[in-house]
Peer 1: 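Starting off with a structure, shown below.
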Amino acid sequence: MVEADDDHLESLLSQLNDQQRVAVEHDLNPLLIVAGAGTGKTTTLAHRVAWLIATGVDPRRIMLLTFTRRAANEMLRRVEAILSGLDHHADRTGRKRPGRGVWGGTFHSISARMLRKYGNALGLDSQFTILDRTDSEDLLQLLRIDMNLADSKKRFPLKGTCLDIYSRCMNSQRRLEEVLQFDFPWCAEYQDELKGLFRAFVDRKELQGVLDYDDLLVFWRALLDSDTGAEMIRSQFDAVLIDEYQDTNVLQSSILQLLSPEGQGVTVVGDDAQSIYSFRAATVRNILDFPQDFPNTTIVALEQNYRSTQPILEMTNRVISMAPERFEKNLWSDREQGPRPIIVESDNEDVQTDYLISQILEHRENGVPLNRQAVLFRASHHSLPLEIELGHRDIPFAKYGGLKFIETAHAKDLLSFLRIAENPRDEVAVMRVLTMLPGIGRKKGAQLMEMSKGQSDITAGWKDFKPPAATRDHWPLFIALIQSLSLKRSDDEPMSGQLKLVRRFYKPILESKYDNLRARENDLDQLERISDRYVNRASFLTDLALEPPTSMMELKDQTQDADEECLVLSTIHSSKGLEWDVVYLLQAIEGCLPSEMALRSGDDLEEERRLFYVALTRAKHWLYVGCPRRYFTRNNSFPGGRNVSVRKSRFLSDSVLECCEIINADLEIDADDLESYRSTGIDSRSIRDGLKNRWL
DNA sequence: TATGGATTCTTTTTT
DNA sequence: AGAATCCATA
């Protein structure tokens with residue numbers, strides 16, 4: 001083990017403030033870092049990891065759990081940078097890229113790694129494939145139909161709702177009755193049917209050797225709960241660090257308890273004021289109760305804000321001060337003064353859009369590049385009018401959150417072929433592939449499924465199948481494709497080769513099934529390029545299921561190095577942990593933020609408040625909050641959409657508005673300009689496809 | 001039994 | 001506006 005001497009440790013700490021230093025230097029007793037927005041949370045955590053390594057902990061015995069893959073990569077990059085700075089001073093320390101051995105990733109991805117390695121202790125096949133959200137819904141749908149629950153007269157909950165309920169039971173570790181009563185009261189009458197459905201769901205997944213997101217956590221915990229598994233895994237790690245702890249759920253915290261019952265080597269970082277994932281059963285209690293869960297805990301609070309100017313901080317502090325229960329924190333900053341946050345009032349959304357774009361361009365003129373500016377919003381569709389207008393004006397943007405291209409039908413189609421080769425028992429993949437062949441629907445698909453049951457080579461079970469006329473041309477090619485893919489266990493054929501093979505077969509199907517061919521082909525090209533970085537089919541599929549690229553731009557970054565300057569569009573949820581020089585928040589109005597759905601319960605409303613807080617605290621220098629007085633809404637009471645009058649978000653209380661500047665955008669915008677682009681009849685889809693084609 | 005069209009219902013955030 | 005389901009036709 002290599003230990004740095006005191007000088008080097010001192011230089012590691014030199015950039016930190018006193019509070020950060022205490023956190024970084026803390027021993028291996030349990031540590032809770034309460035880090036307000038912009039207080040250098042990432043820096044502190046990265047330094048703590050570097051400190052552990054520099055003081056002799058083997059990086060391969062450190063587990064770093066983050067919220068996204070992006071966060072993990074960023075953190076490890078910084079750990080390496082810190083340590084290589086040290087190495088630079090002392091070449092004799094020798095070790096290269098010490099961050100490399102750290103087990104970094106999300107709970108789900110690390111679980112997948114653990115289970116491939118040790119899962120057989122639980123009777124798990126290490127060849128398991130992973131169901132993403134839509135796959136799980138598809139499987140539930142198959143079962144729902146099988147079990148006669150899909151009859152519309154019954155008004156049984158839809159597949160997505162079923163999955164939400166199931167998932168909440170798993171992640172909050174509560175019984176179905178309780179979950180139904182508190183979170184889904186309108187589904188309570190179907191308790192028995194749901195119970196039956198979920199039992200079947202669990203059985204089916206086991207039979208098929210597939211795991212969904214929830215299973216990854218459940219099985220990891222089960223592994224840690226078994227005597228052998230617990231010992232095996234515990235003895236492998238000296239330190240466990242968890243970022244964004246306020247957004248973990250009880251299942252995840254119980255995993256932590258089992259990983260280190262006394263909390264030895266445990267560090268968690270979080271901010272109770274930024275807990276925004278309770279819809280995923282995250283509970284702020286995890287962070288509030290941490291000191292009780294691990295009795296020997298030291299709490300360090302980071303309160304010096306390095307991100308935002310004083311006026312922005314003043315506003316955000318006022319917003320969060322209205323929240324009832326929280327760790328008391330007083331964020332302060334010695335940063336320069338700056339412009340006050342701007343409330344943009346306008347008659348309607350289009351004026352808001354136009355005003356924001358004019359500001360975006362002006363900031364850019366003044367030297368803030370587009371990628372240092374972000375537009376944030378509560379729901380993915382809130383940005384659509386803006387996207388259209390950006391398209392019109394040829395302003396490049398990258399959107400985070402919302403539908404990922406990996407979830408598009410054609411991408412799922414393509415990947416299903418590979419999944420079958422990897423795990424022929426994977427019913428969702430098999431059914432998807434079979435029913436995309438002309439002439440084969442649900443019934444024939446189910447028959448074929450039955451025929452191949454228990455066969456190691458599924459095509460063997462289909463020898464006697466006489467394809468209907470519509471399928472005849474495709475069938476032999478299809479069989480040949482599956483066979484040839486199944487033979488390629490792993491590294492002998494590059495992934496892109498396998499994808500090319502699939503695409504040759506899939507092309508005519510794609511063409512007959514969908515329009516928009518050009519854009520879809522582009523997506524598939526992209527997929528092929530990504531695949532080339534993998535030598536191994538299982539890890540390719542796992543990565544795509546667990547941490548898919550979150551935006552088109554991210555794809556581009558990975559495949560080309562040219563960095564086009566792009567405006568960032570993001571849901572508030574996806575903006576967590578990030579910062580920009582200029583932040584524009586769209587639709588800070590009742591019904592959008594807080595969202596209409598959140599108005600039922602007080603807890604939900606508090607979460608909306610935190611969401612608002614998270615959005616505002618992303619801003620470093622300039623902050624704009626859009627409040628149109630009319631909003632074009634589409635919902636069941638107004639089919640086709642309708643302009644309704646709306647009020648400013650309730651979170652913009654008088655005391656908050658007091659420290660803002662209010663601008664009337666109607667006076668800044670030329671109404672004729674607005675008319676000229678709105679009257680041309682915009683087809684948003686073709687514009688977006690055009691943009692896609694141009695960039696990719 | 002597959003498939004396209006008509007009809008009825010729902011509508012956030014994501015690993 | 002889209003998804004889920006139902007229904008008529010090939």
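Here is the naming used below: chain letters follow the sequence lines, and residue numbers restart at 1 for every chain. All heavy atoms count here, side chains included; hydrogens, waters and symmetry mates do not.
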Peer 1: Pull out every residue in residues 430-442 of chain A that has a heavy atom closer than 4.0 Å to any atom of DNA chain B, ordered by number, or say none.
Peer 2: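 Heavy-atom contacts with DNA chain B come from A:Pro438, A:Gly439, A:Ile440, A:Gly441, A:Arg442.
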Peer 1: Quick check for you: among B:dT12, B:dT1, C:dT5, whose closest atom lies nearest to any side-chain atom of A:Lys444?
Peer 2: B:dT1
Peer 1: Can you list every side chain to side chain donor-acceptor pair (under 3.5 Å) pair that touches residues 430-446 of chain A, not counting sequence neighbours?
Peer 2: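 Output for this query lists A:Asp413-A:Arg432.
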Peer 1: I need the CD-P distance between A:Glu407 and C:dA3, as an integer number of Å.
Peer 2: 13 Å
Peer 1: Does the pair A:Glu387/A:Lys399 count as a salt bridge with the N-to-O cut at 4.0 Å?
Peer 2: yes
Peer 1: Which part of the nucleic acid, if any, lies within reach of A:Asp151 when heavy atoms closer than 4.0 Å are counted: base, sugar-phosphate only, or nothing?
Peer 2: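 Contact class for A:Asp151: sugar-phosphate only.
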Peer 1: Give the rounded distance in Å between these two atoms: CZ of A:Arg133 and P of B:dT14.
Peer 2: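 A:Arg133 atom CZ is separated from B:dT14 atom P by 11 Å.
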Peer 1: How many whole angstroms separate atom CG of A:Leu376 from atom P of B:dT13?
Peer 2: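 These atoms are roughly 14 Å apart.
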Peer 1: Taking only residues at least two apart or on different chains, which pairs with a member in residues 132-174 of chain A satisfy ring pair (Phe, Tyr, Trp, His ring centres under 6.0 Å)?
Peer 2: A:Phe156-A:Tyr190, A:Tyr166-A:Phe198, A:Tyr166-A:Phe201
Peer 1: What is the distance, rounded to the nearest whole Å, between atom CG of A:Asp247 and atom C1' of B:dT13?
Peer 2: 11 Å
Peer 1: Kindly indicate whether the side chain of A:Arg144, heavy atoms from C-beta on, has any atom under 4.5 Å from the side chain of A:Cys162.
Peer 2: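 Yes. Closest side-chain heavy atoms under 4.5 Å.
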Peer 1: Expressed as a whole number of Å, how far does the P atom of B:dT13 sit from that of C:dA4?
Peer 2: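 Result for the P pair: 16 Å, nearest Å.
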Peer 1: Got A:Leu437 and A:Trp475 here, is their nearest side-chain heavy-atom distance under 4.5 Å?
Peer 2: yes
Peer 1: Categorize A:Gln447 for me: base, sugar-phosphate, or nothing, with a 4.0 angstrom heavy-atom threshold over every strand shown.
Peer 2: sugar-phosphate
Peer 1: With sequence neighbours left out, write down each residue that passes ring pair (Phe, Tyr, Trp, His ring centres under 6.0 Å) with A:Trp103, or none if nothing qualifies.
Peer 2: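 With sequence neighbours excluded, A:Trp103 shows a ring pair (Phe, Tyr, Trp, His ring centres under 6.0 Å) to A:Phe237, given in chain and number order.
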Peer 1: Counting heavy atoms from C-beta on, name the nucleotide in B:dC9, B:dT1, B:dT12 closest to the side chain of A:Ser595.
Peer 2: B:dT12
Peer 1: Rounded to whole Å, please give me the gap between CG in A:Leu384 and P in B:dT12.
Peer 2: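 Interatomic distance, CG of A:Leu384 to P of B:dT12: 14 Å.
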Peer 1: Regarding A:Phe107, tell me which of base, sugar-phosphate or nothing describes its non-hydrogen contacts under 4.0 Å with the strands shown.
Peer 2: nothing
Peer 1: Looking at every strand, decide which applies to A:Ala598 at a 4.0 Å heavy-atom threshold: base, sugar-phosphate, or nothing.
Peer 2: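 Nothing: the residue A:Ala598, judged by heavy atoms under 4.0 Å, touches no strand.
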Peer 1: Whole angstroms only, please: what is the CD1-C1' distance between A:Ile406 and B:dT14?
Peer 2: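 Interatomic distance, CD1 of A:Ile406 to C1' of B:dT14: 15 Å.
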Peer 1: Parallel, tilted or perpendicular: which describes the rings of A:Phe478 and A:Phe505, with under 30° parallel and over 60° perpendicular?
Peer 2: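 Rings of A:Phe478 and A:Phe505: tilted, 30 to 60°.
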Peer 1: So, taking the atom named CG in A:Leu115 and the one named NE2 in A:His108, what distance separates them when rounded to the nearest 0.5 Å?
Peer 2: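 Spacing of CG (A:Leu115) from NE2 (A:His108) equals 11.5 Å.
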Peer 1: Nearest whole angstrom, please: distance from the C1' of B:dT14 to the CG of A:Leu131.
Peer 2: 16 Å
Peer 1: B:dT13 C1' sits how many Å from A:Phe67 CZ, rounded?
Peer 2: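 Atom CZ in A:Phe67 sits about 10 Å away from atom C1' in B:dT13.
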Peer 1: In terms of side-chain heavy atoms of A:Met597, which of B:dT11, B:dT14, B:dT10 is nearest?
Peer 2: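 So the side chain of A:Met597 is nearest to B:dT11.
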Peer 1: Does the side-chain ring of A:Phe279 sit on the six-membered ring of the B:dT13 base, less than 5.5 Å centre to centre and under 30° in tilt?
Peer 2: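 Yes; centroid distance and tilt both under limits.
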Peer 1: Strictly under 3.5 Å: I want the nitrogen or oxygen pairs between protein and nucleotides 8-10 of chain C, one per line.
Peer 2:
none

Peer 1: Starting the side chain at C-beta, find the nucleotide from C:dA4, B:dT1, B:dT15 nearest to A:Tyr213.
Peer 2: B:dT15
Peer 1: I'd like to check the ring pair (Phe, Tyr, Trp, His ring centres under 6.0 Å) partners of A:His573; sequence neighbours left out, ordered by chain and number.
Peer 2: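 A:His573 satisfies ring pair (Phe, Tyr, Trp, His ring centres under 6.0 Å) with A:Tyr277, A:Phe279 once adjacent residues are dropped.
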Peer 1: Run the side chain to side chain contact (heavy atoms under 4.5 Å, CB included) test on A:Arg609 and A:Glu606 for me, step by step, so that the C-alpha distance in whole Å, both residues' side-chain angles and the decisive distance to 0.1 Å come before the verdict.
Peer 2: CA-CA 5 Å; A:Arg609 186 196 308 282; A:Glu606 282 312 305; 3.0 Å; yes
Peer 1: Taking the side chain of A:Leu158 as its heavy atoms from C-beta onward, which of C:dA4, B:dT14, B:dT13 lies nearest to it?
Peer 2: C:dA4
